Amino acid sequence: MYKLCDNMQYFENQYIKRMDSNSIQPCLTESLSLCNCIIGVLDFNALKFVNKVVIKNCVINELIIYCTWFDGGLTFVNNIVSSDINYEMGGHNNNEIIFLGNVFNGFFGFFDCHFNECIILKNNIFVKNSDLLVKENKGFDNIFLKGVVLENNIGRLDVFKNG
């Protein structure tokens, strides 16, 4: 089911082969919700979302969020992601980014992300770990202006890929 209501695009109980800038252009200025979907490729490469994005209870084969800005915030809850994730030059959020209860089967890489509001990671499983907390290069380290909340995550958040 796809609905456009109250400035929100809502996708529920769908198989989506590919979602990218061509298929979600209106979502860049409206809220976006994906719920209970199976998604082949979720490609948000170099997109700026003005309003909130909610992704909940989805199975995602490949997630691309390279240089993606979630100005309105991101709620990413109870999802399974099969691929590695490269989150570089991202964040720039004016509302919280929340990762809650997800399974990340690939490495979740963060590089040069500026989180203006809090980023929350609770009850996630990082099968191949993450470099979220790695201090690599002062000019390119992740920045947490309002802090980072880490609770009950499995997997390391302070290692380089294959580390």
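The structure presented is a predicted model; accordingly, all values stated were derived computationally and were not measured.
Taking 4.5 Å as the limit, every side-chain heavy atom of I120 sits out of range of all side-chain heavy atoms of L100. Side-chain contact between V159 and F126 is absent, with no heavy-atom pair separated by less than 4.5 Å. Using a 4.5 Å heavy-atom cutoff, the side chains of Y66 and M89 are in contact. Using a 4.5 Å cut-off on side-chain heavy atoms (C-beta onward), F49 and T68 make contact. Using a 4.5 Å heavy-atom threshold, the side chains of V41 and I64 count as touching. F76 has its side chain out of reach of F70: every pair of non-hydrogen atoms, C-beta onward, lies at least 4.5 Å apart. A 4.5 Å side-chain heavy-atom check between L150 and L133 finds at least one atom pair inside the cut-off. Between V148 and F115 the shortest side-chain heavy-atom distance does not fall below 4.5 Å.
Closest approach of D131 to F110, counting heavy atoms only: OD1-N, 2.6 Å. Pairing each heavy atom of Y87 with each of C113, the nearest pair is O-SG, 3.1 Å. Contact detail for D84 and F107: the closest heavy-atom pair is OD1-N, 2.7 Å. Taking every heavy atom of both residues into account, N129 and R156 meet most closely at OD1-N, 2.8 Å. Residues C37 and I16 approach most closely at SG-CD1, 4.2 Å, considering heavy atoms. The shortest non-hydrogen separation linking E96 to E117 is N-CB, 4.0 Å.
Remark: K17 NZ is loosely packed, at most 12 non-hydrogen atoms of other residues, nucleotides or ligands lying under 6.0 Å away.
Here the rule is side-chain hydrogen bond (donor to acceptor under 3.5 Å, both in side chains) with N124, and of N153, N152, N79 only N153 fits it. With K52 as the partner, the side-chain hydrogen bond (donor to acceptor under 3.5 Å, both in side chains) test is satisfied by one option alone out of T75, N93, N95, D71: T75.
One finds the CG atom of N57 at 5.0 Å from the CG atom of N36 (value rounded to the nearest 0.5 Å). Here D43 contributes atom CG and I65 contributes atom CD1; the two are 11.0 Å apart, rounded to the nearest 0.5 Å. Taking OG from S130 and CG from D158, the interatomic distance works out to 9.0 Å, rounded to the nearest 0.5 Å. With rounding to the nearest 0.5 Å, the separation of CG in D141 from CZ in F111 is 8.0 Å. Rounding to the nearest 0.5 angstrom, the gap separating the SG atom in C58 from the CZ atom in F11 is 11.0 Å. Annotation: the span from R18 atom CZ to E62 atom CD amounts to 7.5 Å, rounded to 0.5 Å.
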### Task
Could you walk me through whether N45 and D20 pass side chain to side chain contact (heavy atoms under 4.5 Å, CB included), step by step?
CA-CA 8 Å; N45 184 48; D20 57 25; over 6 Å; no
### Message
Could you walk me through whether F108 and L132 satisfy the side chain to side chain contact (heavy atoms under 4.5 Å, CB included) test, starting with their C-alpha distance in whole Å, then the side-chain angles of each, then the deciding distance to 0.1 Å, before giving a yes or no?
### Response
CA-CA 8 Å; F108 198 154; L132 175 69; over 6 Å; no
### Test log, rule side chain to side chain contact (heavy atoms under 4.5 Å, CB included), inputs I119 and N142
CA-CA 11 Å; I119 178 171; N142 298 311; over 6 Å; no
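For the residue pair N94 / H92, no side-chain donor-acceptor distance below 3.5 Å is found, with atom types taken as modelled.
In the hydrophobic cluster analysis, where Ile, Leu, Val, Met, Phe, Trp and Tyr join through side-chain heavy atoms closer than 4.5 angstrom, L157 is grouped together with I85.
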